[in-house]
Amino acid sequence: MHRRKAGPLRRLAQATGIVVLGSLLPSVLLVLPLRWLDPPVSAFMLQDDSGRVPVAYEWHDWADLGDAAALAVVAAEDQKFAQHAGFDFASIQASVMEYREGGSLRGASTITQQLAKNLWLWPGRSFARKGIEAWFAVLLEALLPKRRILEIYLNVVELGPGIYGVPAASRAYFAKPPAALSDAEAALLAAVLPNPIALHADDPSDYVRGRQQWIYRQMQRLRREGWLTLL
């Protein structure tokens with residue numbers, strides 16, 4: 001009995017599937033191990049030009065990070081983190097509308113998108129980078145639990161020249177472990193996140209102090225609402 005040869009459409013579909021799988025597999029292999037393994041370094045650390053050698057980076061597990069840092073970063077960066085699937089489409093739409101009306105194109109990245117950028121990409125803005133960032137954000141949300149995404153972000157996010165992660169920042173600025181941070185101290189760290197090179201937790205400007213106070217108030221609301229129980 002002779003096996004019927006595959007037609008041209010079927011061969012095209014098979015070839016397309018192989019190409020897609022070959023493109024997908026490397027990125028999955030970058031993301032999936034993070035479900036269990038802590039990243040030893042990030043792309044931003046490798047590109048750091050602060051002059052600090054080595055960069056300040058120390059890993060702390062979720063239980064050793066404390067509530068204050070998690071609440072502060074979520075309050076400052078992404079209050080919908082527990083609900084969205086990697087993208088805050090309402091914020092994206094609002095940013096685009098503001099730009100069309102003559103305003104600047106402000107960022108609308110979620111914590112998941114920012115983690116993708118910090119781990120694998122480079123600073124700056126371009127459509128190419130945003131596209132790659134979006135792809136990795138999809139994979140992070142599909143392959144890692146929300147708490148793990150936030151845990152990694154808290155450990156690798158840049159919080160000053162050559163200072164990466166809340167554990168390193170809390171040592172550098174407050175001489176204490178992250179679990180010992182007060183809400184006000186955690187809010188001050190989170191206040192520099194829009195631009196951790198120009199904004200300084202150790203010498204805060206009036207702008208940083210204003211952000212700190214706003215973040216602190218948001219933290220108290222999130223705490224009352226039991227936000228951390230959503231993860």
Side-chain angles (χ1 to χ4, degrees), residues 27-78 81-82 86 109-123 133 136-137 139-183 185-194 196-197 199-202 215 219 227-228 230-231:
S27 51
V28 170
L29 291 177
L30 280 176
V31 177
L32 184 58
L34 294 177
R35 191 177 180 98
W36 307 281
L37 303 178
D38 306 328
V41 71
S42 72
F44 270 38
M45 294 178 204
L46 293 174
Q47 298 169 79
D48 185 89
D49 60 0
S50 66
R52 183 188 288 265
V53 181
V55 298
Y57 170 55
E58 55 180 279
W59 180 272
H60 279 50
D61 291 334
W62 178 264
D64 298 320
L65 288 169
D67 291 352
L71 283 171
V73 168
V74 168
E77 298 286 284
D78 186 3
F81 174 71
S109 294
T110 63
I111 283 174
T112 309
Q113 291 174 270
Q114 292 178 53
L115 177 59
K117 177 181 69 175
N118 276 262
L119 283 176
W120 297 298
L121 303 176
W122 59 93
E133 174 188 297
F136 276 108
L139 291 180
L140 283 167
E141 289 281 341
L143 299 174
L144 273 62
K146 282 285 190 179
R147 179 177 291 189
R148 180 61 173 168
I149 293 172
L150 182 55
E151 178 186 34
I152 298 173
Y153 184 70
L154 290 170
N155 274 283
V156 304
V157 64
E158 188 176 13
L159 288 165
I163 298 174
Y164 292 86
V166 171
S170 62
R171 297 282 187 191
Y173 299 133
F174 304 112
K176 61 175 65 174
L181 288 173
S182 68
D183 282 2
E185 290 167 338
L188 181 57
L189 290 182
V192 309
L193 282 175
I197 302 303
L199 305 177
H200 306 285
D202 55 347
I215 293 167
M219 290 172 67
W227 187 90
L228 287 171
L230 300 176
L231 296 181

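- Counting heavy atoms from C-beta on, the side chains of N155 and L65 come closer than 4.5 Å.
- Here the closest non-hydrogen pair linking K146 and L231 is CB-CD2, 3.9 Å.
- Atom CZ in R35 sits 10.0 Å away from atom CD1 in I149 (nearest 0.5 Å).
- Looking only at side-chain heavy atoms (C-beta outward), K117 and P123 stay at 4.5 Å or farther from each other.
- Of the possible donor and acceptor atoms, none in the side chain of D48 sits under 3.5 Å from a partner among the backbone N and O of P161.
- In this structure, CG in L34 is found 4.5 Å from CD1 in I152, a value given to the nearest 0.5 Å.
- For A172, the side-chain contact (heavy atoms from CB on, under 4.5 Å) partners are I163, not counting sequence neighbours.
- No donor-acceptor contact under 3.5 angstrom links the side chains of N118 and Y164, judged on distance only.
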Between L154 and H60, does the side chain to side chain contact (heavy atoms under 4.5 Å, CB included) criterion hold? Intermediate values first, please.
CA-CA 9 Å; L154 290 170; H60 279 50; over 6 Å; no
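- By the 4.5 Å heavy-atom criterion applied to side chains, L71 and D183 are not counted as neighbours.
- When atom types are taken as modelled, the side chain of E77 and the backbone of A190 share no donor-acceptor pair closer than 3.5 angstrom.
- F81 meets the ring-ring contact (aromatic ring centres under 6.0 Å, His included) test with H84; sequence neighbours excluded.
- Without hydrogens or angle criteria, T112 side chain to A137 main chain gives no donor-acceptor distance under 3.5 Å.
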Show your working on side chain to side chain contact (heavy atoms under 4.5 Å, CB included) between D67 and L228 and close with a plain yes or no.
CA-CA 8 Å; D67 291 352; L228 287 171; 3.5 Å; yes
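- Note: W120 CH2 to L139 CG = 7.5 Å, rounded to the nearest 0.5 Å.
- Residues meeting the side chain to side chain donor-acceptor pair (under 3.5 Å) test with E151, sequence neighbours left out: R148.
- L181 contributes atom CG, which lies 6.5 Å from atom NZ of K176 (distance to the nearest 0.5 angstrom).
- The closest side-chain heavy-atom distance from F136 to L119 is not below 4.5 Å.
- Smallest separation of non-hydrogen atoms from P39 and W59: CD-CZ3, 3.7 Å.
- Q114 CD to Y153 OH: the interatomic distance, rounded to the nearest 0.5 Å, is 3.5 Å.
- For the residue pair A68 and M219, the shortest heavy atom distance occurs at O-CE, 3.4 Å.
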For H200 and V192, what are the C-alpha separation, side-chain angles and deciding distance, and is it a side chain to side chain contact (heavy atoms under 4.5 Å, CB included)?
CA-CA 6 Å; H200 306 285; V192 309; 5.8 Å; no
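- With a 4.5 Å cut-off on side-chain heavy atoms, Q113 and D78 do not count as touching.
- Looking at every heavy atom in both residues, A186 comes nearest to A72 through O-CB, 3.4 Å.
- The two residues L121 and A43 have their closest heavy-atom pair at O-CB, 3.2 Å.
- Using a 4.5 Å cut-off on side-chain heavy atoms (C-beta onward), V55 and F44 make no contact.
- Around atom CG of D61, more than 12 heavy atoms belonging to other residues, nucleotides or ligands sit under 6.0 Å away.
- Nearest heavy atoms, Y57 versus V41: CE2-N, 4.4 Å.
- Taking CG of L159 as the reference point, atom CG of L199 lies at 11.5 Å (rounded to 0.5 Å).
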Apply side chain to side chain contact (heavy atoms under 4.5 Å, CB included) to the pair L188 and Y173, showing each step before the final yes or no.
CA-CA 10 Å; L188 181 57; Y173 299 133; over 6 Å; no
